[in-house]
Amino acid sequence: MTVLNVALVIFLILAALAVERTKDLLGAVVVFSAFSLMMSVLWLILKTPDVALTEAAIGAGVTCILFIAVISRTERYEK
Amino acid sequence: MKKRLKTILFLTLFAVLAYNILEMPRGGDINSPAYNEATEHFIEKSESETGAINIIGAILTDYRAFDTLGETIVLFTSIVAVVSVLRPDAKPESEGKTRKEEMEDAS
Amino acid sequence: MNNLIVSTITRMVVPFIQLYGIYIILHGHISPGGGFSGGALIGTSLILYTLVFGVKKAEKKFSHRVSEIAESGGILLYIAVGLIGMIVAGSFLTNLGAGFPKGTPGELISAGMIPILMIGIGIKVASTMITLFHTLIEEEDV
Amino acid sequence: MMAFFEMIIDQINYLGATALFVIGLYTVVTHTNLIKRIMGINIMGSAVFYFFIAAGDVSGGKAPIIGAGDPDAPFINPLPSVLILTGIVVVVSITVYSLSLAVRIYETYGTLDQEEIARLQAEEGDHD
């Protein structure tokens, strides 16, 4: 279990760095969705299934849809 | 150059925080200070005091129910705030033009 | 969106998502889940419906009137249950002391007021999610 | 050297949460785009939640549901989970409010870049 934990932490740090680096905001939102989903898997490993369910529905679902709705009303590329 | 300075600054911040974390109680230790008598009370008594076998649900809507009421009020406030910011009659005064376009027209 | 496959699959899948959300809300006291995650699931199903069929058709299913009632109703249900405890037992949000039935732990109908409060939270969260999405996606001419 | 690695593996959850927090703070400070900043705030929020959950973890424990799983294993600490459960929803509220302000700013100024907004405001001040 520890191996999976360490691998997930490394993936999370890489995903956060990718969110920071991506100039295309839509791509950044997609990477952020993957970040939230991996976070929910990590919380399942830490034995808190309630928080994992909530994060999968709210963090990976609703938040990203709201970001995409706002990007569709404003501009897509960061200068 | 400025960006490199910021990167070095944040790496220093991470080093300081990580050094302090190595002094913390070991992760996953049952004797850590977070696992105190309140936790033991919840684990031992929640089934007899509330009748719910999911301890998280029992704490969320029984022991800390007032906290959850405040949290639903936060949700309500967020709706009120978003609707009042985005309501249709609060449009900017110049007909459909943004400030950036006005500046470009003027110059 | 005029894609036949997407609209057909959405029409088939949305009821099951909502059923799963209701299941999670009602079993909040005996299994992982509860009002927050179940309400978010129901809200997500309505957001999916809006994305596929457009705001106009979605507002026929879940109009502003219904969302107003749901938003206020969730909080009012919560406060009403709290006031029952205040009247009967003397303090706000009392559970077993106020005479709510305890039931057998592990059964669906047990734990006194906890399922009722979970239902209130679920209604509130679901209507919040869908209202926020409708407000953000609405163009000026609506 | 080996002991140092073992110490890192023991504290991997705390260290990961700290790294995520610093990355989120870096995003908020160095970027001028408003939506990117809101994403940074979300990453910082996730990092704080991760720190709390890691503080409640018990190695070899089980989820806090009575009667499920191994009867001899200890329960994890349920209190951080409850706090985080409400915290996630509050972070969503803050995010949506910031996003609505971003939409309104875009409708007014035609840009989401903070330096450009400051420049437009300065020019407008010259006209008055």
Side-chain angles (χ1 to χ4, degrees), chain B residues 3 6-7 9-11 13-14 17-18 20-22 24-30 32 34-36 38-39 42-43 46-47 52-60 63-64 67-68 70-72 74-75 77-79 81-86 90-92 96-104 106, chain D residues 7-8 10-15 17-19 21-23 25-26 29-30 54-61 63-68 74-83 85-87 89-90 92-94 96-97 99-101 103-104 106-111 116-117 120-121 123-124 127:
Chain B
K3 196 148 192 173
K6 279 179 189 165
T7 313
L9 203 66
F10 278 98
L11 282 178
L13 175 65
F14 175 67
L17 290 174
N20 281 302
I21 272 173
L22 293 182
M24 277 182 69
R26 285 161 49 105
D29 189 4
I30 199 167
S32 74
Y35 206 87
N36 54 13
T39 303
F42 288 144
I43 287 174
S46 78
E47 188 179 357
I53 61 170
N54 183 7
I55 300 176
I56 292 179
I59 299 174
L60 189 70
Y63 294 106
R64 300 180 71 97
D67 187 13
T68 311
E71 196 274 331
T72 50
V74 168
L75 278 176
T77 314
S78 83
I79 286 188
V82 169
V83 171
S84 70
V85 167
L86 286 181
K91 285 250 223 44
K97 271 189 179 177
T98 61
R99 298 275 167 87
K100 195 179 176 185
E101 289 164 353
E102 280 177 29
M103 291 291 170
E104 279 161 4
Chain D
M7 201 152 62
I8 284 183
D10 273 347
Q11 305 286 53
I12 183 71
N13 289 328
Y14 292 141
L15 284 174
T18 312
F21 187 84
V22 173
I23 291 170
L25 193 63
Y26 183 79
V29 170
T30 55
D57 184 33
V58 172
S59 50
I65 295 166
I66 293 168
F75 289 115
I76 62 151
N77 195 346
L79 207 49
S81 314
V82 175
L83 298 177
L85 210 53
T86 56
V89 183
V90 173
V92 171
S93 307
I94 292 173
V96 176
Y97 183 52
L99 286 174
S100 69
L101 284 179
V103 168
R104 178 58 72 201
Y106 186 79
E107 282 175 1
T108 308
Y109 287 100
T111 178
E116 200 157 352
I117 291 169
L120 289 172
Q121 274 177 339
E123 282 182 17
E124 196 176 343
H127 283 297

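Letters A, B, ... mirror the listed sequences (proteins, then strands); counts begin at 1.
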Among the listed options [options], the residue most often paired with chain B at heavy-atom distances under 4.5 Å:
options	value
D:N77, D:I94, D:V96	D:N77
D:S59, D:G61, D:G56, D:A55	D:S59
D:L15, D:N13, D:I76	D:L15
D:A54, D:P64, D:A63, D:P74	D:P64
D:I23, D:L25, D:I66	D:I66
D:I12, D:V92, D:T30, D:T86	D:T86

Measure [X] against the heavy atoms of chain B and call it side chain, backbone, both or neither at under 4.5 Å.
X	result
D:V58	both
D:L85	side chain
D:D10	both

List in chain and number order the residues that pass ring pair (Phe, Tyr, Trp, His ring centres under 6.0 Å) with B:Y35, two or more places apart in sequence or in another chain; answer none if no residue qualifies.
none

Do we see a donor-acceptor contact under 3.5 Å between the side chains of D:Y109 and D:E116?
no

Which residue out of B:L75, B:N54, B:I43 racks up the most heavy-atom pairs below 4.5 Å with chain D?
B:I43

Go through B:I59, B:V82, B:T39, B:I21 and name the one with the most non-hydrogen pairs under 4.5 angstrom from chain D.
B:I21

Turns out that what part of B:F10 lies under 4.5 Å from chain D's heavy atoms comes down to both

Counting only heavy atoms closer than 4.5 Å, note whether B:T7 contacts chain D via side chain, backbone, both or neither.
both

Nearest heavy-atom pair of [X] and [Y]: which atoms, and what distance?
X	Y	value
D:R104	B:V85	NH2-O, 2.9 Å
D:L83	B:R64	CD2-NH2, 3.6 Å
D:S81	B:I56	CB-CD1, 3.6 Å
D:Y14	B:M24	CZ-CE, 4.0 Å

Distance check, rounded to the nearest 0.5 Å: D:D57 atom CG versus B:S32 atom OG?
9.5 Å

Applying side chain to side chain donor-acceptor pair (under 3.5 Å) to B:Y63 and not counting sequence neighbours gives B:E49

Taking the side chain as every heavy atom from C-beta outward, state whether B:L86 and D:V103 have any atom pair closer than 4.5 Å.
yes

